[in-house]
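See structure below.
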Protein chains: 2
Amino acid sequence: MKEQQLVEQLRRNGYKITPQRQEILKAFMESSSRLPQSAEDIHNRVVEKYPNVSLDTIYRNLNVLEGLEIISRLSLKDGKSRYELNPGGSHQHHLICLGCGAAEAIDYCPLKALHEIGIAEEKKFEIREHSFEIFGYCSLCRERSDEIGKLPGKCS
Amino acid sequence: MKEQQLVEQLRRNGYKITPQRQEILKAFMESSSRLPQSAEDIHNRVVEKYPNVSLDTIYRNLNVLEGLEIISRLSLKDGKSRYELNPGGSHQHHLICLGCGAAEAIDYCPLKALHEIGIAEEKKFEIREHSFEIFGYCSLCRERSDEIGKLPGKCS
DNA sequence: TTCACTGCAAATGTTTTGCATGTGC
DNA sequence: GCACATGCAAAACATTTGCAGTGAA
């Protein structure tokens, strides 16, 4: 998915292309891709270029982008939402490190297996969305914990 | 899991058995079991018996119970946490209706399949927890939507 | 009696909204 | 120029915390 396509999609839906909006898209495109970002993360990034963008503009735009299915929202247990680009209209699941917060996408979706079993079909349940995230410790944090001490806790 | 056992578990960990706490446990035990409940749900239920229990007492106790792994917390996208009893230390996944909010536990956990593929192992990722929830419309809401109109929206 | 627990009120943190102004097209 | 966007401030919302008083053991 290239930035130009996304801009097109916004335009097609009657949204205007503001500098703030473009910068928000860039923040997603250029993120080193291993991390769904919080509204604040995005804000920090955008503010570097446009120092007086407000957080509410970020939120409003994240909602717009979510509505267009350009990004999707993850709900983690810390009460903060994270957002990530939808790769080609598809979706992702992640291994999320409780130590350093890194989130690595995995190439597996449980919905296929679920279909094979047919549980939803049997219950006549019409699936619209789903969430699947795995929490634990990444290899780096595990190594470091061997040196330093016990696991739960930040490993910066 | 019987209520008496849970009370024992609290006592064993140095927690006192207050009427409020017992009523919170009851709220979980006696819930018709198809629904993770929000703090407010629990509060509404407890208030019927003890009219001046405060919401913060509910929150404090939910945290205690979560710490003891008696209940677990689900994070849905509406920003509100839901809590449910841990059946024998195990966990559950659900079909959650976007129409009426009912959540039905399903007998399937994607972690087994994931292990077979060995993705986490390959990445040396140590799994601690995971979430898997499916959102859509239950058979009742689908029926009603046939009569009434289009889907997204509450069906009482 | 003691220490955990409670209720109240106030604080916190995230996200949303109202309103007047600004700006892409 | 018009509609959509923005910034600011304030509101809304779930959840947490400080504190003084209460109650289980």
Side-chain angles (χ1 to χ4, degrees), chain A residues 3-4 6-27 36-44 46-68 70-83 101, chain B residues 4 6-25 27 36-44 46-68 70-83 101:
Chain A
E3 190 181 336
Q4 207 43 51
L6 298 182
V7 168
E8 250 331 295
Q9 191 175 348
L10 280 168
R11 212 190 302 276
R12 228 181 307 124
N13 287 81
Y15 293 104
K16 305 201 165 146
I17 312 305
T18 64
Q20 294 92 328
R21 206 162 262 173
Q22 284 189 80
E23 198 59 23
I24 290 172
L25 284 179
K26 265 196 191 152
Q37 300 175 86
S38 68
E40 203 187 346
D41 294 336
I42 301 283
H43 185 233
N44 289 338
V46 173
V47 154
E48 282 176 27
K49 192 148 178 186
Y50 300 101
N52 36 5
V53 184
S54 60
L55 231 196
D56 26 77
T57 294
I58 304 294
Y59 276 112
R60 274 188 277 231
N61 278 299
L62 290 175
N63 284 336
V64 166
L65 295 175
E66 192 191 2
L68 293 179
I70 290 176
I71 60 176
S72 52
R73 179 202 303 231
L74 301 186
S75 296
L76 273 46
K77 294 199 184 180
D78 66 354
K80 209 180 286 187
S81 293
R82 311 300 171 102
Y83 299 82
Chain B
Q4 207 42 51
L6 298 181
V7 168
E8 250 331 295
Q9 190 175 349
L10 280 168
R11 213 189 302 275
R12 229 181 307 124
N13 287 80
Y15 292 104
K16 302 200 169 148
I17 312 306
T18 63
Q20 294 92 329
R21 204 162 265 171
Q22 284 190 79
E23 198 58 24
I24 291 173
L25 283 180
Q37 299 175 86
S38 68
E40 204 188 344
D41 293 337
I42 301 282
H43 185 232
N44 289 339
V46 173
V47 154
E48 283 177 27
K49 191 146 177 189
Y50 301 101
N52 37 5
V53 182
S54 60
L55 233 196
D56 26 76
T57 293
I58 304 293
Y59 277 112
R60 275 188 277 230
N61 279 298
L62 290 175
N63 285 335
V64 166
L65 295 174
E66 192 191 3
L68 292 179
I70 290 176
I71 61 176
S72 52
R73 178 203 305 231
L74 301 185
S75 295
L76 272 48
K77 294 201 185 179
D78 66 354
K80 211 179 285 188
S81 293
R82 311 298 172 104
Y83 299 82

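Chain letters run A, B, ... following the sequence lines, proteins first, then strands; residues in each count from 1. Being a predicted model, the structure only gives us computed values, none of them experimental.
When the side-chain nitrogen and oxygen atoms of B:T18 are compared with OP1 and OP2 of D:dA24, none of them lie within a distance under 4.0 Å. At the phosphate of C:dT6, neither OP1 nor OP2 sits under 4.0 Å from any side-chain N or O atom of B:S54. Phosphate contact (OP1/OP2 of C:dT6, side-chain N/O of B:N61, threshold under 4.0 Å): present. Contact check, A:R11 against C:dC25: a side-chain N or O comes under 4.0 Å of OP1 or OP2. The side chain of A:N63 contributes an N or O atom lying less than 4.0 Å from OP1 or OP2 of C:dT16. Contact annotation: A:Y59 side-chain N/O to C:dT15 OP1/OP2 distance is under 4.0 Å. Contact check, A:Q20 against C:dT23: no side-chain N or O comes under 4.0 Å of OP1 or OP2.
Distances from the side chain of A:P19 to the nucleotides C:dG24, C:dT15, D:dT6 place C:dG24 closest.
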**Derivation of the side-chain contact (heavy atoms from CB on, under 4.5 Å) call for A:L10 and A:L25** = CA-CA 11 Å; A:L10 280 168; A:L25 284 179; 4.0 Å; yes
**Prompt:** Where do A:E23 and A:V53 land on the side-chain contact (heavy atoms from CB on, under 4.5 Å) test, with the steps shown first?
**Reply:** CA-CA 10 Å; A:E23 198 59 23; A:V53 184; over 6 Å; no
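At a cut-off of 3.5 angstrom, the base of C:dC3 holds at least one donor-acceptor pair with the side chain of B:K16. Side-chain to base pairing of A:D56 with D:dA9: one donor and one acceptor N or O lie within less than 3.5 Å of each other. One donor-acceptor pair, N or O on each side, does fall under 3.5 Å between the base of C:dG7 and the side chain of B:R60.
Counting only heavy atoms from C-beta outward, the side chains of B:V64 and B:Y15 approach each other to under 4.5 Å. Two residues are said to be in side-chain contact when any heavy atoms from C-beta on lie closer than 4.5 Å; B:Q9 and B:L6 meet this criterion.
Rounded to an integer number of Å, the gap from B:L65 CG to C:dA4 C1' is 15 Å. The distance from atom CZ of A:R21 to atom C1' of C:dC25 is 13 Å, rounded to the nearest whole Å. When rounded to the nearest whole Å, the span between NE2 of A:H43 and P of C:dG13 equals 17 Å. Atom C1' of nucleotide C:dC8 and atom CG of B:L55 are separated by 13 Å, given to the nearest angstrom. If you measure from atom CD of A:Q37 to atom P of C:dT15, you get 14 Å, rounded to the nearest angstrom. Between the CZ atom of A:R73 and the P atom of C:dT15 there is a distance of 7 Å, given to the nearest Å. The distance between atom NZ of B:K80 and atom P of C:dT15, rounded to the nearest whole Å, is 16 Å. Atom CG in A:N52 sits about 13 Å away from atom P in C:dG22, given to the nearest Å.
Nearest-nucleotide positions on DNA chain D place A:Y50 closer to the 5' end than the other of B:I17 and A:Y50. Nearer to the 5' terminus of DNA chain C, by closest-nucleotide assignment, is the contact made by B:G14 (compared with the other of B:V53 and B:G14).
Separating the CG atom in B:L68 from the CG atom in B:N13 is a distance of 5.0 Å, to the nearest 0.5 Å. In this structure, A:I42 CD1 and A:Y59 OH are separated by 11.0 Å, a value rounded to the nearest 0.5 Å.
Residue A:S81 is in sugar-phosphate contact alone, with no base atom involved, counting any heavy-atom pair closer than 4.0 Å across all strands shown.
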